[in-house]
Every structure is written in C-alpha cells, then in structure tokens.
There are 2 protein chains.
Amino acid sequence: MYPSAAQPARLYESVCDDILKRIDRGEWNERGKLPSIRELAQELGVHRLTVFKAYQLLKQSGKAYVKDKSGYYLNTGSLPSDLTAMPAVHSHIQQNPLSDIQRVPVVYQFSQALLDPNLLPNQYLSAYVKQAFDLYPKVLGTYAPVQGDEELREAMAEYLAVQHRLVLTPGELLITSGAQQALDLLAKTLLKPRDVVLVDRPTYGAAMDIFRSYGAQLAAVDIHPHGYDLEQVARLMKERKPRFFYLNPTFHNPTGYTVSAEQRKRLVELAAEHRCLLVEDDPFHDIYFKQPPPPPLFAYDTEGYVAYIRSFSKYIAPGLRIAAVAARQPVIGNLLTAKSLADNGTPLLNQKIFLLLFFSDRMQRHLEKLRIALHVRMSIMEEALSGTGLSWTRPAGGLNLWIKLPDGIKAGPLLAKGMEHSLTFVPGTICDPLAEFDDRIRLSYSYANENQLREGVQLLAGLLRSLA
Amino acid sequence: MYPSAAQPARLYESVCDDILKRIDRGEWNERGKLPSIRELAQELGVHRLTVFKAYQLLKQSGKAYVKDKSGYYLNTGSLPSDLTAMPAVHSHIQQNPLSDIQRVPVVYQFSQALLDPNLLPNQYLSAYVKQAFDLYPKVLGTYAPVQGDEELREAMAEYLAVQHRLVLTPGELLITSGAQQALDLLAKTLLKPRDVVLVDRPTYGAAMDIFRSYGAQLAAVDIHPHGYDLEQVARLMKERKPRFFYLNPTFHNPTGYTVSAEQRKRLVELAAEHRCLLVEDDPFHDIYFKQPPPPPLFAYDTEGYVAYIRSFSKYIAPGLRIAAVAARQPVIGNLLTAKSLADNGTPLLNQKIFLLLFFSDRMQRHLEKLRIALHVRMSIMEEALSGTGLSWTRPAGGLNLWIKLPDGIKAGPLLAKGMEHSLTFVPGTICDPLAEFDDRIRLSYSYANENQLREGVQLLAGLLRSLA
C-alpha cells in the first residue's frame, strides 16, 4: 500500500480541526451556513484552496454539505446531505436500472444471472495464470492487437467450427471485454438517433438501455415457448425497417425459451430478404440440461446478416471479461474501428489466461459437471416453488425461471418487500420494451446456493401471501 | 488447445476438393464465375449451406472471391481479391488513422508513445500476479463493482492526495480500461452532435477521432512551449461555448510542452467563468527528467470543472489497461452509468494486480530508474538528430520529440519512404485539428532501444536528404 501513516498533519487538516472546534462552540449554528471559502481564507490568512480542502474533509466526514452554488452548510441531520455542487454540465445518458438492483448486496440473490463463485473451478484457475506467465513472460508489457490476440482468435474460430458448424476466419472475430461491450460497439457502429431496433419481448434490460442510449426506438417481437410468430417478424421487418433485430434464441433471457432449428433458418432468410442484421446474443449455449441446443443462427447465414455475440463471462471466469463477436464484412471492420476508439483492445493478460483455460480438456470436463450442478439447482428452485401459486415454463437450459405472479400481485411492490428481507429478483417491467410485464419476475437459480434457494423461495412465498 | 486433428473430412471439405479439381480442369475458366450456391447444391445433391462452406474455404485459400451480390469468382490474379460480400449494413463510424500507422510492424518504431517492453519490471511482475491470487483466491470468479475495486479506489485517492494534492473521495474516482475508454465515456456522456469541443493544437489524434465519432465540432487552441495564449482560450470559450476543453498540460502529446502553474490556476478560473469542463489527460505525469511538473489542473479546481484522466498503461503495464478518472458530481455519476452500459466494469483481476504492483515500494523505485532510462534515450535521439537540419524544443519529460521538418519536406511522403525502410513515426497532420501540420512529425524515443534510436535517426536523415 502507498505509505501515508507517517505523514505530518497538513495545513488543511489543521484548518479542518479548527473549524470542527468552532462548530462545537456553536459559532455558526444559528443559520447553519459556514463562511465562504474566500472569507475564511482571508480570516485565517491561508490560501483558499486550503479552506476548500478543509471543507471537503468536513463534507466527507458528514459534518457539512454543499447547497448548489450558495455555499457550505452544517449538516444538522434534518437537511438532505446528498445535495452536492452541480456544475453546468448536463448529460443525456440513460440509466441502468438492472445494474442498480443487482448492485444491492442481499442474502437471497435471485437477480444475478451469474454463477455462484463456488461453482467455478477456482482450485485450478491460478495454475493457468501461472502458465500464462511461463508461456508469455512479457504479457503484462504488451498491448494486444485491437481485434484480439491472434492465437485466441484462431483457437476460437476452430472451436466454433467444430462445436457449432460456424464457418469463419480469425479475421471475422473480434474479442471484446464481455458481451456488454460487444452490444455497445454494435449499437455505436449501427445506430443513428430514431433508428428502429427489433427486440424480443421480454428481453435483456441492459441491452435496451444500451440501444436507447444511442437514440434507438425499440419495436417488440413476442417470444413464445417455441419461438416467434414469424409473420409478426416479417411484418415488423417490412413496416418498421429496423436497423437490426437483437435476439437471444438459445435459453433466452429471461424466459429460458429456445427457438427451433426450422425457425432459425427462416429468420436468416427473412433477415436477408429485408436487409436487417440479426444480432444474436448467445451467453448460455453450453448450459443445456439434456440435449445440446440447435446451432446458432450464424451457422445458417450465407450472406453476412448475422452478428454473433458469444460470451463466456457468465460461466467461465467473470473476473476475466472475455467475449467474442463473429461477423462478416463490413460489420466486423466497423466494429474493429469502434473497438480501437473505445479502449484500443482487450487486455492481453486476460486473453492469454482465457486461451489456456477455456480450451483445456479440464475446462471441457468442468462444463459437464457444471451443467449437472445447474440442473440440480433449477430442480431445487422448481420444487420449492411448487404449491406457491406461481407458474412458469420449464427451460431446457440457462440460468433463469420466468415466473407469472398470481393475479393482483405486482412485481414492483413485491421487489420492495423482498429488499426489506434481503431478497432480490428482476421485475418483468425491466425486461419489457413496453414496460408492462408487472405480473412477471425473473428468478435466477445460478447464483444462490442450494440452501439459499430453498429458504429464499420460502421467504418469497411468505411475501406473496402477505401481499395477496 | 481444442482438439480437431482427428476429425474426418467433412462434406463441405470434400465438395471444396471437388471444386478445386474442376477448376484445375478449366471447367469454369471462361467467364471466371463459379456456379451459384443454389445451382451447385442442386447439381451435387447437397444442402446449399455445404456449398456455401466450401466456397468460404475457397475464399480463405485465396482461390475465389465474392463480387458484391453477383456471386463467387475465381481469383485469376488480375482481379482484386478484397471485394467481399457487403450486406446492406452501413456505418457512420470514424476511422482511426493513428492506430493504422502504429499497427504496421517495423524495425524503427518511432510512432508508438509506449515503453520498450524491456524497460518494464518484467522480472517481478509475475510475483504480483501470484500474490493477487494468494490474497484474492476468487478473483477470477468475481465481477468488479462497475466503478472499480474499492480497495484500489481508496489507495488511488490517497496516492493522488499525497502526490498531487488532489482532494477527493474514492467515490469521485472511476477505474477504466485505459485512458482511451475514459475519453470515450466522457465523450459519450457529454457530447451531442454539433457540440463544440476545444482541443490543443496539435493534440492526440485518437482523442479527436473519438470526439468526432460522437459528432463533435473541434475548435483549436494553440499550445506553445510555455503554454496557452489565455486570451485565445477565453475568447473561444465565450464565442464557441464549448462543451469541454480537452487538454494535456503536462509533457503534452505530441509537443512535450508543459503549462505553468500560473496558467493552470487561470485556466480553472476561466472554465468556471464560462461553465466549460476541462478534460485533463495526464498520462506522463511521472515521466519527468529533472523537476516534477506542477500539480494537475484538478488540484486548482474548487467547483467541479475538471475531469482528470490519469493513465498508467503506458509505463506500468500496458497488458493490464488500467486508468482512473477523477471528477465531481454530476460528471462522475454519469460516467458511472455509461461505464455500466459500456462493459459493466473493468476486470477485477487486472485491478488487483495493479493495486499490488503500482503502490509497492519496488514500483516507486522502478519509476526512478525509468526516468533516467528515458532521459538517456531522449538524449541519444537528440544527439543523433543534431546536424540533420531538423529542429525541436527539448521537453522536460514525456516520451516524444515534436520535430519541425526542413523547408519543402512534407510528412506524408517522408512517412511513405520510411515505411519502405521499416521506419514509422506520427505525421503532424494526424495531430492537427486543422490537418495542416504537414511540416511536423512526432518521434517517440521510448519504444526503440538505443541502437535502433541511433540507426533509425541515421536512416531518417538519409531519407530527408533523398527528398530534399
């Protein structure tokens, strides 16, 4: 750690102590307003920066707060302490409500579609990191190519060919820092304000936030247990002329539904016919419980109308943040330029560790165990849910259950109640481009352990009764 | 590596072999056009995807190419091979010419303002990685908080306070994946199309590319050996009402100039007066040769008009990609939301390694040696340059010399000549918001070793003579 304990008190710290004494003496209690920085600096014969820093210390300790441009005030407890100086710098950035919910630390964590860290192969991860340094001793001293490490892209192209029958070259792959960045770069390269984007209804909330942050208008395509109404898709493509269709056809988030091979073929044809790119998000492909899912849409495409986002963060190593996008020209070329502007390349260290880890036999064996462990957790959650009056369609893979609430119960009040009892989930409204699904919630069974799953569902059932 | 050698030949590979034989027999030589995917699939009785994949193989091997929508053609050598299928997906993304130059592998690399990997503390980097795993065994299984690891932000806030007299809380810091991402997020949260941004002239080319990619109009502020003409700054702030002023006041890129403490104070006052955020890029603060530079502009600001980007990639560990942005509310809050949409947080592993590495005594001692090594390299380059007819102002730190070419020599043709002889540098035009500085070049002395510096400058001198 950076050494600081031995530092003598600085002038502004002494000034702060002085102010604290005068506060205790009640010197400024009457109006609650502290002298201006300039006044106090003059009075004490110090630079105004010194007083500024002393006031910052007071603010940090909760003793004072700033009220817009009018100055510093004592925090008497009755005044809001979160009013801070607001310079005239505005922003048109969207919010990210999903991330806000997930950020709350709770005991019964059903809002994170992430793996319980105990399900990761922690005991041998560090061996691969050591191996990365042995094989690539200068890995920390080197920038990766913007497009991604060549060795990783070669291994990935081969893996996708063998596993999913995707025909592509390493030059048609871009390595990104998670699927989130892939979505952001695609949106940035493709969207102008007021462009239309088709999205599943329901869909991944953060994806909608990203598209809206680039000014897109969203149009909803309903997803059902067996896929889409393709006439609706064709009609929307024809009438709304969308820039792209963002879809998640395999163990769909949040519903768990999977689109059939027949529909995949037809979707690719529709895309070419209406010149509408399909942005295929595929984070759960390996997380199937019985049968592997059909190949990605990308495997059916012969004309460059699919951009395929394959994420590994969720079930390999969230701390590495590695995803890959496969796309043909010109999409991949534009993504590459956007990536070079966005961060000039994903860190090489992370790519080399991922390369050694993911393509190892050990990892592929670990995936088999992981599928079983997640299947068990889903079954535990389903068992705990039975008899609660909730209903859902059993998914064949993935990390989530999409739950229909009993009549009259709304997701918002239920979440508020849940948070009081240290339980969170994703309310359906966040997943809905029309923000209407307030009778649905997404429960993830991947993050909580088996006890937390049982206890949490029991708690949820009690909350439902109390709201009924 | 993923196993694949034992795979039997797939159908599309057999089809590809068949096509190659028919090409050799001259079956399609006359027009050069291959049968359509549909025709050949029908003829061979295979699925059209199989033919598509076979054609992709042909394309990869350079035997065939795609001409817009009209089909596949044999590559006879006389036809361009880079015509690829272009779906109707356009893009409005900017190019990144700086990155294009730097991507070319050359012997005399004077275009990269990066450290020679041999100047990094490679021998003990892996020790810190091991330590990160010992201290945080689940580091690969954990997402970092979007804002950045708390321990890192605390250490960073303390470091910036002690080193540069910056008064800030860990909540006023955001950890990003390099300074490039910090710039991209600031631009994204602050800019609307046609907003004006002030930039130094000359300035960092990739920053201009980023601002333009968000539709900004750039207005140029001339930077001189001793800083700015503050009347020009005030006039531009008043007349153009810029959204922000992007500046690099310490060992400025590309010139090496440093803005005085007096001007820093005055710039902060002007910013508050004209309500114009100052975006202060500070990648070289630690790379001084004699005196440490004045504190950052952020240290003089009392009203939240500075966003301070502190990058460490260049001289600590490029493979980690760690930078920090310090800003007050509401700027920092908006950045946080943008970061959550852009990539949901910088990888935790990289932050923990950086934490252990950067704040160690060993690293701080290494920095002292690094300053000496870079000073030596600069002196070698200066010595080699003397008598070549080139002129420059000696910088007091940083990684670059900003060179004035002899009358009549232009940077573009010189770079073209240089590339023929495996030598690159940054032409002045790329650093100029008005794209006019074709009589200037930036030479980095940090990446090439001492011999390469001498030989490269000698080579450059020869090229200059040949162009004179």
Side-chain angles (χ1 to χ4, degrees), chain A residues 1-2 4 52-53 56 60 84-89 91 93 96 99 117 120 122 125-126 133 138-143 155 158-159 162 167 169 177-178 180-181 184 189 209-210 213 275 277 302 304-305 317-321 329-331 334 337-338 340-344 347-350 359, chain B residues 1-2 4 52-53 56 60 84-89 91 93 96 99 117 120 122 125-126 133 138-143 155 158-159 162 167 169 177-178 180-181 184 189 209-210 213 275 277 302 304-305 317-321 329-331 334 337-338 340-344 347-350 359:
Chain A
M1 288 309 90
Y2 194 81
S4 73
F52 168 71
K53 289 175 184 176
Q56 292 292 106
Q60 284 166 33
T84 47
M86 291 274 188
V89 177
S91 170
I93 195 76
N96 187 343
S99 151
L120 294 167
N122 296 297
L125 283 176
S126 66
F133 271 87
K138 293 192 178 168
V139 64
L140 281 188
T142 318
Y143 275 121
E158 191 182 318
Y159 171 83
V162 173
V167 182
T169 66
S177 297
Q180 189 92 359
Q181 184 181 48
D184 188 59
T189 54
D209 295 335
I210 291 171
S213 81
R275 302 165 86 83
L277 190 75
T302 57
Y305 280 101
L320 284 181
R321 309 288 291 124
Q329 288 294 3
V331 176
N334 292 329
T337 303
S340 89
L341 294 176
D343 67 8
N344 216 12
L348 185 60
L349 173 67
N350 306 52
F359 299 104
Chain B
M1 287 307 92
Y2 194 80
S4 73
F52 168 71
K53 289 175 186 177
Q56 292 293 107
Q60 284 165 36
T84 48
M86 293 273 189
V89 176
S91 171
I93 196 76
N96 188 345
S99 152
L120 293 167
N122 296 297
L125 282 176
S126 65
F133 271 87
K138 293 194 177 166
V139 65
L140 281 187
T142 317
Y143 275 121
E158 191 182 318
Y159 171 83
V162 174
V167 182
T169 66
S177 298
Q180 190 93 359
Q181 184 181 48
D184 187 59
T189 55
D209 295 335
I210 291 171
S213 81
R275 302 165 85 86
L277 191 74
T302 57
Y305 279 101
L320 285 181
R321 308 288 293 128
Q329 289 293 0
V331 175
N334 292 329
T337 302
S340 89
L341 294 175
D343 67 7
N344 216 15
L348 186 59
L349 174 67
N350 306 52
F359 299 104

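Numbers restart at 1 for each chain; the letters A, B, ... are given by sequence-line order, proteins then strands.
Looking at heavy atoms from C-beta onward, B:R321 lies in side-chain contact with A:N344 at the 4.5 angstrom threshold. Between A:N350 and B:N350, some side-chain heavy-atom pair lies under the 4.5 Å cut-off.
The candidate with the highest count of non-hydrogen atom pairs below 4.5 Å against chain A, out of B:D184, B:D343, B:L140, is B:L140. Counting heavy-atom pairs closer than 4.5 Å to chain A, the top-ranked of the candidates B:I210, B:L348, B:V139 is B:I210.
Closest of all the heavy-atom pairs between A:Q180 and B:S340 is NE2-O, 2.9 Å. Between A:G319 and B:P347, the closest heavy-atom pair is O-CB, 3.3 Å.
Using a 4.5 Å cut-off between heavy atoms, A:Y143 contacts chain B through both its backbone and its side chain.
In this structure, the side chain to side chain contact (heavy atoms under 4.5 Å, CB included) partners of A:V167, at least two apart in sequence or on a different chain, are B:K53, B:Q56, B:Q60.
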